[in-house]
Amino acid sequence: MIDLWHYTCGDHGAPGIAATRCLLPNRHPWLPYPLVWLTDLDVPMRGPLGLTSNTLGCDRTQYRVRVAGDGAVPWSRYRRVIGRHLAYPFESTPGAMPRHWWVSTQRVPILSDPEETRCAP
């Protein structure tokens, strides 16, 4: 079992995660299936993780939660499912580090409370 992390903001993600104790797959407009996005990086790196907040006005690295990566797959494997044409926009972003991305199409139970893992500003 590998520990993985999910980063979120205090406005949109953290309250729901704390209430449900799990991460729920969300639709992305460029992808065919809802996903939970995870990483093996325990330090919030906005650019490499695609959390720049260019489209959302919140700090998407404000909180992190730890999850067991049992059902998650590396992006490198998932990209084969969706095809290069759908993976390319994510991977071509300057500074992106897709080798640290993991995804799940299922709900993912959390192992830590978002409040306990507030990231330093």
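Atoms considered below: every heavy atom in the structure, side chains included; atoms not considered: hydrogens, waters and symmetry mates.
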Any side-chain heavy atom of [X] sitting closer than 4.5 Å to one from [Y]?
| X | Y | result |
| --- | --- | --- |
| Thr8 | Val65 | no |
| Trp101 | Arg79 | no |
| Ile2 | Trp102 | yes |
| Val36 | Pro25 | yes |
| Trp75 | Trp37 | yes |
| Leu41 | Trp5 | no |
| Val108 | His6 | no |
| Val81 | Val73 | no |

Are more than 12 heavy atoms from other residues, nucleotides or ligands located less than 6.0 Å from atom CZ of Arg27? yes
A quick test of your reading: do over 12 heavy atoms of other residues, nucleotides or ligands sit less than 6.0 Å from CD of Gln106? no
Please round to the nearest 0.5 Å and tell me the distance separating atom [atom1] of [X] and atom [atom2] of [Y].
| X | Y | atom1 | atom2 | result |
| --- | --- | --- | --- | --- |
| Phe90 | Leu31 | CZ | CG | 4.0 Å |
| Glu91 | Leu86 | CD | CG | 10.5 Å |
| Tyr78 | Thr105 | OH | OG1 | 7.0 Å |
| Leu4 | Leu111 | CG | CG | 10.0 Å |
| Arg21 | Ile110 | CZ | CD1 | 4.0 Å |

Would you check if the side chain of Tyr33 reaches a backbone N or O of His28 as a donor-acceptor pair within less than 3.5 Å? no
